Amino acid sequence: MNITAEKAAEKIKKAKNIILLSHTNPDGDTVGSVCALAYALTECQKKVTCLCDSDIPERLRFICGDLYKKDCALTGDELIISVDVASPEMLGALSEKFAPLTKIRIDHHKKGSDFAEFNLVDSDASSAGEIVFEILSILKLTSCQRAISALYASIASDTGCFKYANTTAKTHMIAAYLISLGADHSEINEALFENLTLKSLEIYPLFLKNLKTLYSGRVNLVNVTNDEKASLGLVDSDLEELSSLSRQLNMASLGIVLRQKDGTFDTFKVSMRSRKGVNCSNIASYLGGGGHIRAAGATIKASNIEEAEKILLEALEKTLCFEE
Ligand SMILES: [Mn+2]
C-alpha cells in the first residue's frame, strides 16, 4: 500500500522504538537520510537503531560516526523503516530477517518492489533525503543541526553535488532551506567531493590501463579483477569514482565499470553512469539489476571476467539506444 509523507509522519510520531535500514554498499543518500531521521528522532526521546549489513565507507563516516550496527535483537514492538531501498535484495544480509517486517519503505527509485506494508515512494525526488526532509518538516523536527547536515549530505550525494539530471528546482530550494537552517554546505561538499587520498588516486593508472572505448567512443568500459585490486591494495569501495570517471572521459554517453566483487570469483558487478539520451536503468534491468535512469547497476554471474564482459556486451547490443 502506498502512503503519503503525512501518513508516514503520523506513524513515526506514534512509534517509540524505531529501526532504520540502509541499503547494502551504502551511499551518501541512504546514510544521510537514515542518520537525519535517527538524529532528529533521538532528540524526541525515541529509541532508534540504524542498521546496514556493510561497513560504512570511511568518506561517509563524518555523517554517521559509529551510529550503525550490523544486526539487532527484535522485541516485536519496533517500527521498521527502510530508506533508499528499492527491493529486499538491496538490504543484503539484512533482507531475510528484516524485509518481511518492514513497515515503511521510504524510497525514490523508479523501479522497485513495494515490499513494505506502507510504501512512500517519490521517483521525482532526487534523493531519499528530499523525502525525509518532508517528513521531518511535517514533524517539525528541523531544528536538529546534525539532522539538517545529514540531510544536506544525502541530497548533495545523490545529485553529485547538484549536477546530475535528477536535480530539480525543488532540490535546490530544499538545499537552500537546509543551508538557512545551518547546514555548512561548503564543509559538507568538501568532505563528500574533495576527499582525495593517495589510495583513491590509484584508480587512475588502472583506468588508463583497462579502458575500452566502444560504440565509436560513446561508451567507455573499464574492467577490474580482484587480482588487480589486490595488487594496488584497493577494495570495491575505492572504485566508486571509476564509473563517473568513465563517463566523463570524452563526454561519453555511457560509462561502465565491470568489477569482480571483493571476496568472490564468479560474481561481477556492473556500475553504469549515463548522460542525456541513454537510459542505463533499462540495461541494468535486462541484467536483473536496477537503479535510476542515469545511474544503475547489476550483478553478473560468470566464471571469469571475459565471460562476464561477453554477457554485458550482449546486454548492450540488446538494450542500448542513443536518443538524440
Ligand atoms: Mn538514493
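Note that the structure is a prediction, hence the values are computed from the model and not measured. Both ligands and their constituent atoms are indexed starting at 1 by order of listing. Values below: every heavy atom of this structure, side chains too, minus hydrogens, waters and symmetry copies.
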* To do: Specify whether an N/O/S atom of Asp158 falls short of 2.8 Å from the Mn ion (ligand 1).
  => yes

* Asked: Does Arg259 make a cation-pi contact with Phe268 (under 6.0 Å, within 45 degrees of the axis)?
  -> no

* How is the N/O/S atom of Asp29 that comes nearest to the Mn ion (ligand 1) named? -> OD2

* Assess His108: does it contribute an N, O or S atom lying under 2.8 Å from the Mn ion (ligand 1)? => yes

* Asked: Under a 4.0 Å N-O cut-off, is there an ion pair linking Lys261 with Asp236?
  -> no

* How about Asp107: does one of its N, O or S atoms come closer than 2.8 Å to the Mn ion (ligand 1)? -> no

* Structure fact -> Here the N/O/S atom of Asp84 closest to the Mn ion (ligand 1) would be OD1

Listing, residues 131-141 side-chain donor-acceptor contacts under 3.5 Å, not counting sequence neighbours, or none:
residue: Ser137; atom: OG; partner: Phe133; partner atom: O; Å: 2.8

* Go through the structure and list residues passing ring-ring contact (aromatic ring centres under 6.0 Å, His included) with His23, not counting sequence neighbours. => none

* Asked: Could Lys229 and Asp262 be called an ion pair, given the rule that one side-chain N must be under 4.0 Å from one carboxylate O?
  -> yes

